[in-house]
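Both counts, for ligands and for their atoms, begin at 1 and track the order of listing.
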Amino acid sequence: MEWRELGDGVFFRRYQPWDVNVGVVIGAAGVLVIDTRANATEGAELRGHLRQLDTRPPRWIVNTHAHFDHVGGNGCFPEADVIAATDATVDLGDRSVRVRRLGRGHTGEDVVVLAPGVVFAGDLVEESGPPQYDELSYPAEWPATNRRLLDLIGEHDSVVPGHGAVVDRRFVAAQLAELQRAASDPRGSGG
Ligand SMILES: [Zn+2]
């Protein structure tokens, strides 16, 4: 997969292995990268690919959550600030990006990134498979978090899941029903 422009200066690229998505927002004041792949080798490859979009080294990194396949390449961007604060607004000069924590779900620390016309949802939304639960997940709280997410997604916004193809508001609404079923299953969510 190559870079795909989803909005003005807003890109994503789908990577193997892990079918993980990386986001990029390019502004006059710098380049912001959302997630950095799984390890230093993949991060270095990402760094090379970013030069296809902009020759400036990334100035900001946002990690949607702490799973290895989203943070493992961070060390390849030593000059970037990792945005750890939630409810941060990053001023890219001619556009801004909001980083919001909406509640617990896939992990206890998921953040979403709101760029012009595009919402990067991390693993709160999954396209390439069902929502993924592990020991870091909060199945009972996840539906409320995604309800808040839904409120932030415009009718025409693109939604980039943590893994898989770009979706939209309707897909997130449909997956919310799935999360609600899992939350009400006393045996837990499995998988
Ligand atoms: Zn994850």
Worksheet, complete the sentence: Atom name of the N, O or S atom of D123 nearest to the Zn ion (ligand 1) is OD2
Worksheet item: Would one find an N, O or S atom of H106, in either backbone or side chain, under 2.8 Å from the Zn ion (ligand 1)?
Response: yes
Discussion item. Does the plane of the ring in W3 sit parallel, tilted or perpendicular to the ring in Y15? Use 30° and 60° as the thresholds.
Written reply: perpendicular
Worksheet entry | Main-chain N/O of D91 paired to S96 side chain as donor or acceptor, under 3.5 Å | no
Worksheet item: For H67, what is the atom name of its N, O or S atom nearest to the Zn ion (ligand 1)?
Response: ND1
Worksheet item: Would you call E109-R104 a salt bridge at under 4.0 Å N-O?
Response: no
Worksheet item: Would you find a donor on one side and an acceptor on the other, under 3.5 Å apart, between the side chain of R56 and the backbone of R51?
Response: no
Discussion item. Quick check on the Zn ion (ligand 1): does D69 put an N/O/S atom closer than 2.8 Å to it?
Written reply: no
